[in-house]
Amino acid sequence: MANRCGDCDYLNYRDTKWDGEKVWCNKKGYYVKPGEVACDDYTYHGHRYGRYLVTATCNILNINKDFKDNLFKAFDLVRFEKTPERDYMYDCLEQYDVVGPIIADYLYKDNFREVIADSMLYNYILPCYKLIKEGNYEEAADKYIEMTYTLIDFYMGENKKNVRER
């Protein structure tokens, strides 16, 4: 996969516009879509975006560091190396890099965070991990996308006011 703006060190996810559709680029001085192919100024120093929901789940459930690191490596493999270049995938990643942190924040603040995180782990994250280990990368990506859209609907659906009782 080509480098994407969403992984660049210059992107500032704390500054978004148009309902999160674009993110501020500190290098260019204007808003860009995270899913776009990166420019020649692309820099990457080791951070990985896209771990928001796995990180939140692991932190809430106190998953041990070794297993959390294994999950990170597996999901990074799919996102950055094994996912074929498909338009719908980039659309999803672009949206995920904006809504992922928002959903994670809602999850951390939810009174039922342990129950929801447990459901995420057993219904989505572990099945994705198993698919990755079996080499079924596209199926794993599709399962993760399903989880993301389920959470978007749960926390940010049309009839929600972007908050749950905390």
Chemist: Taking all heavy atoms of F72 and all of V54, pick out the closest pair and write down the distance.
Modeler: CE2-CG1, 3.8 Å
Chemist: Shortest non-hydrogen contact from L53 to I125?
Modeler: O-CD1, 4.4 Å
Chemist: Go through the structure and list residues passing ring pair (Phe, Tyr, Trp, His ring centres under 6.0 Å) with F67, not counting sequence neighbours.
Modeler: Y129
Chemist: CG of N64 to CG of N70: how many Å apart, nearest 0.5 Å?
Modeler: 8.5 Å
Chemist: Is it true that L121 and L131 fall in one hydrophobic cluster, defined by side-chain heavy atoms closer than 4.5 Å?
Modeler: no
Chemist: Is it true that K109 and D105 make a salt bridge, defined as a side-chain N closer than 4.0 Å to a carboxylate O?
Modeler: yes
Chemist: Can you give me the closest heavy-atom contact between T150 and Y124, atom names plus distance?
Modeler: OG1-OH, 3.5 Å
Chemist: With sequence neighbours left out, what residues match K68 under side chain to side chain donor-acceptor pair (under 3.5 Å)?
Modeler: N59
Chemist: Of all residues at least two apart in sequence or in a different chain, which pass the side-chain contact (heavy atoms from CB on, under 4.5 Å) check with S119?
Modeler: N123
Chemist: Please report the closest heavy-atom contact between D110 and F112, naming both atoms and the distance.
Modeler: OD1-N, 2.7 Å
Chemist: What residues, two or more places apart in sequence or in another chain, satisfy salt bridge (charged side-chain N to carboxylate O under 4.0 Å, His left out) together with K28?
Modeler: D41
Chemist: Verify ring pair (Phe, Tyr, Trp, His ring centres under 6.0 Å) between F75 and Y144, making sure each step is shown before the conclusion.
Modeler: CA-CA 9 Å; F75 284 100; Y144 198 87; 5.3 Å; yes
Chemist: Show your working on side chain to side chain contact (heavy atoms under 4.5 Å, CB included) between L107 and M120 and close with a plain yes or no.
Modeler: CA-CA 11 Å; L107 181 59; M120 289 169 57; 3.7 Å; yes
Chemist: Would you name the heavy atoms of I132 and A140 that are closest together and state the gap between them?
Modeler: CG1-CB, 3.6 Å
Chemist: Got a second to check how far I116's CD1 is from L61's CG, nearest 0.5 Å?
Modeler: 11.0 Å
Chemist: How about T57 and I63: do any of their side-chain heavy atoms sit closer than 4.5 Å?
Modeler: no
Chemist: Once salt bridge (charged side-chain N to carboxylate O under 4.0 Å, His left out) is applied, what residue pairs with a partner in residues 111-131 remain, sequence neighbours excluded?
Modeler: K130-E134
